[in-house]
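Each remark here refers to the structure printed beneath this line.
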Amino acid sequence: MTSRNALEIVGGTPLAGDVQVNAAKNSALYLILASLLTDEPLVIEGVPRLSDVLIALEILEHVGVEVAWEGSDVRLHARELRATSAPYRLVSKMRASFVVMGALLARAGEARISMPGGCAFGPRPVDRHLKAFAALGVEVSDDNGDFVARRHGPLGGRVEFEAPTVGGTQNVLLATALGGRDVEIENAALEPEIADLADLLNHMGARIEGAGTPFIRVQGVERLGGGRFRPIPDRIEAGTFMLAAAATRGDVTLRGIRPEHLGAVRDRLAEAGVRFVDVARDAWRVDATGELSAVDVTAVEYPGVPTDLQAPFGAFLATVPGVSVVRDRVYPDRFTHVAELQRMGARLELAERTLVVRGGPLHGAEVHAADLRAGGALVVAALAAEGRTRVFGLESIDRGYERFAERLSGLGASVARLSSVDPSPVAEAVGVAADASAATVPAAG
Ligand code: EPU
């Protein structure tokens with residue numbers, strides 16, 4: 001455990017009340033990159049102030065984009081670029097930064113990007129991005145660990161992804177929306193963040209058809225303009241709140257959601273016995289006060305259960321009596337949370353990329369979030385567990401959940417942010433950690 005920042009959660013209270021879901025991190029990250037495609041101002045509304053978003057904005061500033069927060073909106077103005085490279089210091093912190101390659105290629109004709117970093121789970125290559133660029137005539141070379149991409153004229157042609165990739169599809173959209181030629185994308189990713197990017201680009205004057213289906217057609221245009229745009233709500237944040245409500249046997253109303261983006265998550269939870277009430281076009285009441293039973297969950301591409309909710313689902317199922325099986329077909333090795341949940345008393349067996357969960361009571365412990373969604377899972381488990389849990393690795397959680405402590409507190413949970421605390425030498429059951437009251441800081445994201 002290296003991180004000394006933690007969330008301290010005293011679990012066992014059913015969550016209750018209303019929560020407003022934020023704009024989607026995984027959409028906002030790419031929408032802000034679209035600012036590179038125009039010399040006019042672009043305002044992205046309601047952007048969550050997450051560390052990943054701040055890294056993307058720093059990359060944009062580095063290449064010459066003027067960035068200004070106006071409340072929760074971000075105003076971006078790429079009048080003129082002064083660089084076409086993204087510094088390793090930033091790219092190494094976040095995988096999504098590789099998608100700046102497409103936007104820089106479109107605007108400047110060249111880009112130099114390091115091999116991306118990001119959440120530490122399993123292999124996360126970029127080969128499909130590079131093959132797609134090659135198919136469009138982009139020259140990509142490797143220069144001391146940096147990818148250097150160049151185009152000679154506008155990009156055109158046909159890209160066929162061997163398997164869908166969200167980032168790869170976004171990279172191609174950003175690279176080709178601006179230009180004079182036609183591009184066909186086959187086997188494109190279906191995730192709603194793709195359609196959201198295409199909607200923004202079309203709003204700026206692009207001609208993109210079919211986003212959200214496996215076949216996308218881009219007719220490159222000579223010029224794109226600015227505008228204002230609001231990202232879709234964060235379906236992963238919404239799903240995490242749903243699972244936290246379910247794990248604590250709570251009764252929570254989610255507001256500001258797009259129900260059609262959450263169908264598979266709702267279906268699985270409903271099968272487990274959670275009741276849903278449609279209280280408005282964009283609001284669901286999630287009532288988990290009845291009896292719940294085990295269900296199997298396999299994370300797949302959209303519209304299935306998202307891989308980003310696979311770990312939080314496992315945490316919820318660890319509280320439900322019976323045996324569940326959890327698999328992830330998108331990131332089959334995304335299980336860094338398993339050993340940590342076991343420290344909380346979860347009965348889990350991981351073999352051949354299949355997690356068998358025998359549900360039962362959980363207890364508080366000191367645990368470490370190795371990546372963002374492992375963090376989401378540990379928070380879900382901690383909210384349901386008897387006693388006090390400290391989730392170290394708060395930096396991972398801050399990548400994707402804005403003001404998480406404060407918002408969970410608003411639902412009745414006991415959650416505090418701790419900074420500069422040391423994990424106790426024997427970190428096991430409830431109560432082993434030193435007194436944290438002096439280190440408690442306001443629950444802000
Ligand atoms: N893949 C390759 N080669 C590539 C690209 C992807 O083999 O060139 C593989 C990946 O290893 C993975 C699968 O294809 O097995 C899907 O990867 P994809 O490219 O779709 O993922 P991504 O674009 O890198 C985004 C989200 C992830 C989310 C995935 C899947 C962002 C910033 N990240 O990643 O979100 O898990 O899509 O939906 O949009 C998170 O928010 O915690 C997170 C990791």
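Indexing begins at 1, ligand by ligand and atom by atom, following the structure's order. The shown structure was predicted, so the numbers you read here are calculated from the model rather than taken from an experiment.
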- Using non-hydrogen atoms of the residue, decide whether Y302 is closer than 4.0 angstrom to ligand 1. no

- Check if G168 has a non-hydrogen atom at a distance under 4.0 Å from any atom of ligand 1. no

- Task: Give the single entry among E191, R128, R334, Q310 that approaches atom 7 (O) of ligand 1 most closely by any heavy atom.
- Result: R128

- Query: With atoms numbered from 1 as shown, which atoms in ligand 1 lie under 4.0 angstrom from a non-hydrogen atom of Y30?
  - Reply: 31 (C), 32 (C), 39 (O)

- Message: Between N5 and S419, is there a side-chain donor-acceptor contact under 3.5 Å, judged purely by atom types and distance?
- Response: no

- Taking both backbone and side-chain atoms of A96, is any N or O found less than 3.5 Å from an N or O belonging to ligand 1? no

- Does at least one non-hydrogen atom of E237 fall below 4.0 angstrom from an atom of ligand 1? no

- Distance-only donor-acceptor check, side chains S114 and D146, under 3.5 Å: yes

- Message: With nothing but distance in play, are any N or O atoms of V330 less than 3.5 Å from an N or O of ligand 1?
- Response: yes

- Message: Quick one, E139 with R150, criterion salt bridge (charged side-chain N to carboxylate O under 4.0 Å, His left out). Give me CA distance, side-chain angles, the key distance, then yes/no.
- Response: CA-CA 5 Å; E139 229 173 66; R150 268 195 195 89; 5.3 Å; no

- Nearest heavy-atom contact between I55 and L90 is CG2-O, 3.7 Å

- Is it possible for you to check whether R266 lies under 6.0 Å from the centre of the six-membered ring of W284, through NZ or CZ, and within 45° of that ring's axis? yes

- Query: Within the structure, does L29 bring an N/O atom to less than 3.5 angstrom of an N/O atom in ligand 1?
  - Reply: no

- Query: So, does Q170 sit close enough to ligand 1 that a heavy atom of it is under 4.0 Å from the ligand?
  - Reply: no

- Query: Side chain, backbone, both or neither: which part of D127 comes within less than 4.0 Å of ligand 1 when only heavy atoms are counted?
  - Reply: both

- Query: Taking the six-membered ring of F133, is NZ or CZ of R128 closer than 6.0 Å to its centre and within 45° of its axis?
  - Reply: no

- Member of D328, T307, D371 meeting the side chain to side chain donor-acceptor pair (under 3.5 Å) criterion with R334: T307

- Which atoms of ligand 1 have any heavy atom of K25 under 4.0 Å away? 40 (C), 41 (O)

Please list every donor-acceptor pair under 3.5 Å in which a side-chain atom of residues 294-304 meets a protein atom from a residue at least two apart or in another chain.
| from | atom 1 | to | atom 2 | distance (Å) |
| --- | --- | --- | --- | --- |
| D296 | OD1 | V325 | N | 2.9 |
| Y302 | OH | E260 | O | 3.2 |

- ligand 1 N/O within reach of T307 N/O, cut-off under 3.5 Å: no

